[in-house]
Amino acid sequence: MKPVNVGLVGLGTVGCGTVSVLRRNENEICRRAGRSIQVSHAAVRDPQKERSCDLSDITLTTDPFEVVDNPEIEIIVELIGGESLSLEIVLRAIRNGKHVVTANKALIAIHGNEIFSAAQEQGVTVAFEAAVGGGISIIKALREGLAGNCIEWLAGIINGTGNFILSEMRDAKRDFSDVLAEAQARGYAEADPSFDVDGIDAAHKLTILASIAFGIPLQYNQVYVEGISALEQDDVEYATELGYRIKHLGIAKRVDEGIELRVHPTLIPERRLIANVDGVMNAILVKGDAVGPTLYYGAGAGAEPTASAVVADIVDVTRTLTSDPHNRVPHLAFQPGSLGSPEILPVERSETAYYLRMNAVNRPGVLAEVTRIFGDLKISIESILQKDRGDHESVVPIIILTQHTKEFRLDQALVELEKLDNVNGKIVRIRVETLK
Ligand code: NAP
Ligand code: HSE
C-alpha cells in the first residue's frame, strides 16, 4: 500500500525527535500502522540551521502553509508551539481535509473547543497525546482505558521543567536560575520558560485532562494557577522534616457543588509514590470509581519521549484513515453532544488542608492568640511546630498544619493572623493533599 505522507510544521526538539523515531523504528511502526509512514515535507524558520535528525528525502520550506496545502500530505504534525500561527495552521489543515497531530497544549487548552468542532464537521481527527505528560499515554488511558469509570479526581506532576527544578533544589540545593538554564539546554522548557515556572503550562495540561476526565468543555480561564517561583528553601526543608515533599501539582476534583481545577505547589506525604517522582519525570494519579487509584508515570518532556507520543498519534490516525468518522474515539472522550456543564468552583470554595509558616515573637501567650483565631473560624489544627526555641522576645518561625477547611475560611484566618502585633510579615501558605 502507498506510504502515508506526513508534513511536519516545526523541526525543533520534538520535530527532530519525531523524525528520528520514525526512521529508527520504521519497520515496527509499519507493522503496527499497516502502512509505511514518511515525512515528506517540513516547515522551519531557518532552513540553514543544523538539525539533530536526518533530513534526507524531506523537502524543507519556510512557509508552513506550503506544507498544509500540499495535496499529497494526509497528516499535518504541528510542532511549532504558540497559539496564533499554530491555530491558523491547524484550522487550515482541517479545512483541507487533513488529519492533525499536535503536541501543543496551549493551543488545545485555549482553542480546543473550536478546533474539535471544526474537525468534527470535516470528519478528520486532531490527536494530541503529546500535549500532556510527554511520553506517558495519559490521554489514551483516560479516554479509552478508563471509559467504564466515573472519574472522581486526578492529581498530577505535569510539568517536567518545574519538577526538575524542585528536585534539584531539594536534593542538590542548586540555585533556581541555574537549574532552569539546564532544563532549557536539555529542551524541556517552553519557548517562554515563565510558562513552566508560573504554572501556565501545567494549567494548560490540567484543562485538557479535566475535560477528558469529566466530559466538560475545555475551560482554561477557570483554572486557579500558582507557580513555583515563590517557593523558599526553608519550606522545602520544613516539609521534609514533617514527612512531606513539595510537588507542583495539577488537581481536578469532582465535588458535590461542582469541579475544582487548581495548579499550585502542594505538600504530599512522602510515602506516596507520586511524592517520589523526581527530575523531568511526570506522574498522574487518577481515581476512578471502579478501578480505584491508578498511576501513570514517565518522562514528561524531551525530544524522544515526546516524539514517542507524537508517533503513536500518527500511527493511530493512519489506522483510522479508512474508518467511519462517526465511529472514531471522540476528541474529548465523551460524544460531542454529551458534554456537561457543572460549575467550575472558584478556589475560595475548594477544600483542602494547609501548611502555614509565620514569623512570630517568642513571648508567652502568642501561640494562644494564634490558635484562638483558628478556633473562632472552626479550623482544626493538625500540628504545630516551633522552629528554634529562640531567645525570649526573638522572632521564630512557627509552622502549622491544618486539617481540611474551605479556602475562604483559611483566607479569613490569614487576614486575622497578619493583623496580630506578634506576627511579622506575610504568612506562607502551601496547600496539602493526602491523595488517599
Ligand atoms: P522548538 O524546539 O522551539 O521548535 C519549534 C520549531 O518550530 C523550530 O523548528 C522552529 O524553526 C519552528 N518554527 C517556529 N516558528 C515557525 C514559523 N513561523 N514557520 C516555520 N517554522 C517555525 O519547540 P519544541 O520544544 O519542539 O516544542 C514544540 C511544541 O511541542 C510546543 O507546542 C511545545 O509546547 C510542545 N511540547 C514540547 C515538549 C518538549 O519537551 N520540548 C514536550 C511536549 C510538548 P527553527 O528550528 O528554524 O527555528
Ligand atoms: N515544558 C514542558 C515541560 C514540556 O517541561 O513539561 C512538556 O510538555
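Between Arg31 and Glu28 there is a salt bridge, since at least one side-chain N of the basic residue sits less than 4.0 Å from a carboxylate O of the acidic one. For Glu257 and Arg349, the salt-bridge test passes: some basic side-chain N is under 4.0 Å from an acidic carboxylate O. By the 4.0 Å N-to-carboxylate-O rule, Glu83 lies too far from Lys105 to be salt-bridged with it. Residues Glu74 and Arg35 are paired through a salt bridge, judged by an N-O separation under 4.0 Å between the basic side chain and the carboxylate. A salt bridge between Glu168 and Lys173 is absent, with no side-chain N of the basic residue lying under 4.0 Å from a carboxylate O of the acidic one. Look at Arg95 and Glu121 and you find no salt bridge, because none of the NZ, NE, NH1 or NH2 atoms lies under 4.0 Å from a carboxylate O. Under 4.0 Å is where a charged nitrogen must lie from a carboxylate oxygen, and between Arg429 and Glu407 at least one such pair does. Checked for salt-bridge contact, Arg357 and Glu232 meet the test: a charged N lies under 4.0 Å from a carboxylate O.
More than 12 heavy atoms of other residues, nucleotides or ligands shown are found within 6.0 angstrom of CG on Leu321. Heavy atoms from other residues, nucleotides or ligands lying under 6.0 Å from CZ of Arg92 number more than 12.
Nearest approach of Val277 to Asn163, heavy atoms of both residues: O-ND2, 3.0 Å.
The side chain to side chain donor-acceptor pair (under 3.5 Å) pairs that include a residue from residues 275-288 are Glu152-Lys287, Arg245-Asn276, Lys247-Asp278, where partners are two or more places apart or lie in different chains.
At a threshold of 4.5 Å between non-hydrogen side-chain atoms, the residues Val67 and Ile76 count as touching.
Note that Arg143 lies in the cation-pi zone of Phe128, set by a 6.0 Å cut-off to the ring centre and a 45° limit from the axis.
Phe116 and His331 have parallel rings, their planes meeting at less than 30° on a 0 to 90° scale where 60° marks the start of perpendicular.
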Please report the C-alpha distance between Arg409 and Glu351 in whole Å, then the side-chain angles of each, then the deciding distance to 0.1 Å, and finally whether the salt bridge (Lys or Arg N to Asp or Glu O under 4.0 Å) criterion is met. CA-CA 10 Å; Arg409 246 184 228 154; Glu351 187 174 317; over 6 Å; no

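Among Ile430, Leu267, Ile399, the one residue that satisfies the side-chain contact (heavy atoms from CB on, under 4.5 Å) test with Asp235 is Ile430.
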